Amino acid sequence: MRFELTFTLKELTLPLDFRKGLIYFFKSSLDNYDNGSLTFSTFVTPESFLSDKILLKNNRLKVLYSVESQLLGFNIFKSLLKKLNKSFPFFNNRIRLVKIKKLREKRIKENIVKFKTLSPIIVTKETNEGKNWYYLLNEESVEILKNYLINSLKDRFLEKDLRELEIKPIEVKKSITIFYGKKLLGSLGVVEFKGNKDILTYLYKSGISTNRRSAGFGMVDIIK
């Protein structure tokens, strides 16, 4: 299930780390938010960037939201309807959800698809010291992402189909996102996937990242 949320802001400013405010807003709408296969992406019109905040050209904040489970998506949608046209504190600002629009999902008809990122894909691997190391998505780090998908989805799909999955970064650039005070390396661009259509559909709906999908990372759209 995919839908678009339109918010208005009282002041034309947002902190660079505004994702965590949206996460809190969404978590307050549903108790089991973290347990779902979901992702989102954000869109604003910046006037300029300062060291700690974004100055905006207008007061609109749009969020595209995708949930793999129809039932969970319906529950989130229904919960958000209760917050429609109500004002909530948002850092040193106020935010109001003014519109919810259900979007039509695209169908994957072949075993090859090109995804365009709507929010950064995160690729991490734990080091021997127990810390997460972040990678740009390229030919070398593709195996890290693929191994994560094999391990995390083997109870849902045949392991043989997961191992046959092919991932090809086509046009990828580095993205830096401030998240809870830390700078996260991510990847934006176009990535080609080849494999089982059910797996490709799942990735389209739930997002593509080794972690933090429900925090607004890894959302993709189909361009071919």
Side-chain angles (χ1 to χ4, degrees), residues 2 19 23 33-42 64-69 72 105-224:
R2 192 167 282 224
R19 261 186 180 84
I23 294 167
Y33 177 83
D34 288 321
N35 297 326
S37 295
L38 53 90
T39 186
F40 67 87
S41 56
T42 61
L64 296 183
Y65 211 93
S66 181
V67 188
E68 190 271 332
S69 165
L72 179 60
E105 290 183 314
K106 298 175 183 177
R107 283 189 62 192
I108 294 177
K109 300 178 181 179
E110 300 178 5
N111 69 340
I112 187 168
V113 64
K114 286 183 181 177
F115 290 126
K116 178 182 178 181
T117 58
L118 300 179
S119 55
I121 293 175
I122 301 294
V123 179
T124 62
K125 185 178 181 180
E126 189 172 310
T127 66
N128 293 332
E129 293 77 26
K131 297 181 179 180
N132 279 331
W133 190 262
Y134 289 77
Y135 295 84
L136 181 69
L137 184 59
N138 53 31
E139 292 181 1
E140 288 75 29
S141 62
V142 155
E143 286 304 311
I144 297 173
L145 177 58
K146 183 175 177 178
N147 287 335
Y148 167 80
L149 294 175
I150 292 170
N151 291 326
S152 62
L153 299 179
K154 60 186 178 182
D155 292 335
R156 188 182 186 103
F157 300 104
L158 292 176
E159 188 169 337
K160 171 181 174 294
D161 290 338
L162 290 166
R163 292 193 178 279
E164 291 177 351
L165 195 64
E166 296 180 18
I167 307 171
K168 181 181 178 183
I170 298 177
E171 300 172 14
V172 172
K173 62 181 181 179
K174 180 173 73 173
S175 168
I176 300 294
T177 303
I178 306 299
F179 186 70
Y180 284 88
K182 297 181 179 180
K183 293 182 178 180
L184 300 189
L185 171 66
S187 303
L188 291 171
V190 178
V191 184
E192 183 180 273
F193 277 72
K194 184 178 181 181
N196 180 280
K197 287 187 291 184
D198 290 337
I199 298 175
L200 302 183
T201 299
Y202 176 87
L203 297 175
Y204 165 62
K205 293 182 177 183
S206 67
I208 304 167
S209 275
T210 57
N211 57 12
R212 305 192 192 281
R213 286 175 298 156
S214 63
F217 292 92
M219 187 173 186
V220 296
D221 195 11
I222 297 168
I223 58 173
K224 187 178 179 182

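What's counted below: heavy atoms across the whole structure, side chains too, no hydrogens, waters or symmetry copies. Just so it is clear, the model here is predicted, and its values are computed rather than measured.
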Minimum heavy-atom separation for [X] and [Y], please, with both atom names.
X      : Y      : value
Val142 : Leu137 : CG2-CD1, 4.1 Å
Arg19  : Pro120 : NH2-CD, 3.8 Å
Asn211 : Asn132 : ND2-ND2, 4.3 Å
Tyr204 : Ile108 : CB-CD1, 4.2 Å
Ile122 : Thr124 : CG2-CG2, 3.6 Å
Leu145 : Ser209 : CD1-C, 4.4 Å

Worksheet item: Could you walk me through whether Phe217 and Ile208 pass the side-chain contact (heavy atoms from CB on, under 4.5 Å) check?
Response: CA-CA 8 Å; Phe217 292 92; Ile208 304 167; over 6 Å; no

Worksheet entry | Between Asn138 and Ser141, a side-chain donor and acceptor under 3.5 Å | yes

For the [atom1] atom of [X] and the [atom2] atom of [Y], what is their distance to the nearest 0.5 Å?
X      : Y      : atom1 : atom2 : value
Glu166 : Asn111 : CD    : CG    : 9.0 Å
Thr210 : Tyr135 : OG1   : OH    : 10.5 Å
Leu153 : Tyr148 : CG    : OH    : 7.0 Å
Ile223 : Lys114 : CD1   : NZ    : 6.5 Å
Ser214 : Ile23  : OG    : CD1   : 7.0 Å
Asn196 : Leu158 : CG    : CG    : 8.0 Å

Less than 4.5 Å apart, any side-chain heavy atom of [X] and any of [Y]?
X      : Y      : answer
Leu185 : Ile176 : yes
Lys205 : Ser37  : no
Ile150 : Glu159 : yes

Ignoring hydrogens and geometry, is there a side-chain-to-backbone donor-acceptor pair from [X] to [Y] under 3.5 Å?
X      : Y      : result
Ser66  : Arg2   : no
Lys106 : Ile222 : yes
Lys146 : Arg163 : yes

Worksheet item: Between Arg212 and Leu184, does a side-chain contact (heavy atoms from CB on, under 4.5 Å) hold up when you go through it step by step?
Response: CA-CA 11 Å; Arg212 305 192 192 281; Leu184 300 189; 3.7 Å; yes

Item to complete: Decide if atom NZ of Lys125 counts as having more than 12 heavy atoms of other residues, nucleotides or ligands within a radius under 6.0 Å.
Response: no

Discussion item. In terms of relative ring orientation, are Phe157 and Tyr202 parallel, tilted or perpendicular, with 30° and 60° separating the classes?
Written reply: perpendicular

Worksheet entry | side-chain hydrogen bond (donor to acceptor under 3.5 Å, both in side chains) pairs, two or more places apart, involving residues 167-193 | none

Discussion item. Please determine whether a side-chain nitrogen of the Lys or Arg among Glu68 and Arg156 lies less than 4.0 Å from a carboxylate oxygen of the Asp or Glu.
Written reply: yes

Worksheet item: Under the side-chain contact (heavy atoms from CB on, under 4.5 Å) criterion, do Leu165 and Leu200 qualify, and how do the steps go?
Response: CA-CA 9 Å; Leu165 195 64; Leu200 302 183; 4.0 Å; yes

Discussion item. Pair Leu149, Leu203 - check side-chain contact (heavy atoms from CB on, under 4.5 Å), show working.
Written reply: CA-CA 10 Å; Leu149 294 175; Leu203 297 175; 3.9 Å; yes

